[in-house]
Amino acid sequence: MIGRTQTFHKRLLQWYRANRRDLPWRAPMGSQPGTLPDAYSVLVSEAMLQQTQVATVIPYFQRFLQAFPTIHRLAAADEQSVLRLWQGLGYYSRARNLRACAQAIVAQQGGKIPDAVETLKQLPGIGRYTAGAIASLAFNKRAAIVDGNVVRVICRLDGIKSDPRQRPVIDHLWQRAAALLPRDNVADFNSGLMELGATVCTPLKPRCEQCPVRKNCAAFALGKVDLIPPRKEAKPTKLNRRVVLCILRTVRRTTEVLIEQRPATGRWAGMWQFVTLDPGNHTKSAGSGEADSATDLSSLRSGAEGVAKNVAAKIAGSTTPPTHFMSLRHQLTHRRYAFEAFTVHALARRSAKSTIPGEMRWVSIDRLSDYPLPKPHVLIAAKLAAQLA
DNA sequence: AAGTCGGGGAT
DNA sequence: ATCCCAGACTT
């Protein structure tokens, strides 16, 4: 346990104010201590920062606030344009929830972001952590927060050796985070707790010699900083194989390619992609069947071209033979993908016949950038454009 | 309580 | 390659 919490929060605050990073969603570095950032900036940044590192978020945050400078502009935006700005950031339900959240705040709160945790928690995409973050960081309310950084920092401070992913341990950490809160300066205190975890009290090789509160740290005293918290056991990831068809046609000297929209739920919901097939499921698109194909590698290699040919004909009528132009592997948290991409040229002049529930659309290569695409399809689109140039 | 949901940084 | 990241939501 931390002996004297009075000196703890003073040490942390002093360290934070001397060492904090200059981040675009924070109050400017020159401003008076205690200056609060704009609440809309906090809302957007907290949505983007969920399960995402600061360095990754910064450019997305800048572009997003340029496109949607106010909560009213975000509330009025269409979902596709919000998704397009989120493209590459992952966890796309965050983008749809953030837009819905802005709409709810405009409709119910007159566009003013609430400062009460219980009110904030009712909003889409705002859970226990984000509600506390907005209340404390944007309004200096006395609300606790426990994110991945705070979990690690408190576990080490208190010498908690049990697994912080377990429910009772999490609940205890929330209690401790609340007990540690100072009466004033909650915004800087909570920021400091996270900043410490992000820059000093890191998962691997923590910089304990730089830590302002190592005298308060039980793990440091025990020499067990590296063992706390315990690391998670890795789970094996399944490999999913996909055949991607770039079906091309030329209209008035403009090359167009066929894309399809993914279902409104599940992975990459509502985003667009080149026609994608599960080769173990020849007639279905990737939207429905995510199960691993039993097809082995060699038969897939030879079979992918056949699948491409058959399905291309089914969708677009007669086509040229498929040309393989790209292999791509893509790693997600719980699975891996292996994409084999082909081009075919549609010969018949008939409209595309969709093989999936969703919409299909012919778009010129130049217009592909208007559509939110999953990362692997962004890479395929880049290679395709380079080839056709 | 366990699964799902992306992609990249750091080591 | 592996673990983790200013988590929320569904089942």
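Naming convention: chains lettered A, B, ... in sequence-line order (proteins, then strands); numbering from 1 in each chain.
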Sugar-phosphate only, base, or nothing, as touched by [X] at under 4.0 Å among non-hydrogen atoms:
X         : value
Leu23(A)  : base
Ile145(A) : nothing
Arg165(A) : sugar-phosphate
Arg21(A)  : base
Arg152(A) : sugar-phosphate
Thr130(A) : sugar-phosphate
Val150(A) : nothing

Let me know the distance between [atom1] of [X] and [atom2] of [N], rounded to the nearest Å.
X         : N       : atom1 : atom2 : result
Gln50(A)  : dG7(B)  : CD    : C1'   : 15 Å
Arg267(A) : dG3(B)  : CZ    : P     : 15 Å
Leu332(A) : dC5(B)  : CG    : C1'   : 9 Å
Arg167(A) : dG3(B)  : CZ    : P     : 16 Å
Gln51(A)  : dA10(B) : CD    : P     : 17 Å
Leu373(A) : dG7(B)  : CG    : C1'   : 15 Å
Met48(A)  : dG6(B)  : CE    : C1'   : 14 Å
Phe339(A) : dG7(B)  : CZ    : C1'   : 13 Å

Exercise. Going by an N to O cut-off under 4.0 Å, is there a salt bridge joining Asp171(A) and Arg167(A)?
Worked result: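 Salt bridge present between Asp171(A) and Arg167(A).
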Exercise. Taking for each residue the nucleotide of DNA chain B bearing the nearest heavy atom, is the 5' side occupied by Leu204(A) or by Gly90(A)?
Worked result: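 It is Gly90(A) whose nearest nucleotide is closer to the 5' end.
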Problem set entry | Selection from dC5(B), dG6(B), dG8(B) that lies nearest to any side-chain heavy atom of Arg94(A) |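 Between dC5(B), dG6(B), dG8(B), the one nearest the side chain of Arg94(A) would be dG6(B).
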Exercise. Within the modelled atom types, does a donor on one side and an acceptor on the other bring the side chain of Thr56(A) and the base of dG7(B) under 3.5 Å apart?
Worked result: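 Result: no qualifying N/O pair found.
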Exercise. Is the base of dG7(B) touched by the side chain of Thr52(A) through a donor-acceptor pair closer than 3.5 angstrom?
Worked result: no
Are [X] and [N] close enough that a side-chain N or O sits under 4.0 Å from OP1 or OP2?
X         : N      : value
Trp86(A)  : dG7(B) : no
Tyr337(A) : dG6(B) : no
His334(A) : dG3(B) : no

Ring-plane angle category for [X] and [Y], please: parallel below 30°, perpendicular beyond 60°, tilted otherwise.
X         : Y         : result
His377(A) : Phe274(A) : tilted
Tyr337(A) : Trp268(A) : tilted
Trp272(A) : Tyr371(A) : perpendicular

For this session: Scan side-chain atoms only and decide if Ser364(A) and Glu256(A) contain a donor-acceptor pair under the 3.5 Å cut-off.
Result: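 No donor-acceptor contact under 3.5 Å links the two side chains.
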Problem set entry | Arg242(A) side chain to Thr276(A) side chain, donor-acceptor N/O pair below 3.5 angstrom |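 No, because no side-chain N or O of Arg242(A) sits under 3.5 Å from a partner of the opposite role on Thr276(A).
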Exercise. Excluding sequence neighbours, so at least two apart, what forms side chain to side chain donor-acceptor pair (under 3.5 Å) with Glu46(A)?
Worked result: Tyr129(A)
For this session: Tell me, please, which residues at least two apart from Tyr40(A) pass side chain to side chain donor-acceptor pair (under 3.5 Å).
Result: none
Exercise. Earliest and latest nucleotide of DNA chain C, 5' to 3', sitting under 4.0 Å from a non-hydrogen atom of chain A?
Worked result: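 Nucleotide range with atoms under 4.0 Å of chain A: dC3(C) to dC9(C).
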Expressed as a whole number of Å, how far does the [atom1] atom of [N] sit from that of [M]?
N      : M       : atom1 : value
dG6(B) : dT10(C) : P     : 14 Å
dC5(C) : dC5(B)  : C1'   : 14 Å
dA8(C) : dG9(B)  : C1'   : 22 Å

Exercise. Which residue lies toward the 5' end of DNA chain C, Val146(A) or Arg231(A), if each is placed at its nearest nucleotide?
Worked result: Arg231(A)
For this session: Treat each ILVMFWY residue as a node, draw an edge where side-chain heavy atoms are under 4.5 Å apart, and state whether Trp15(A) and Leu180(A) are in one component.
Result: yes
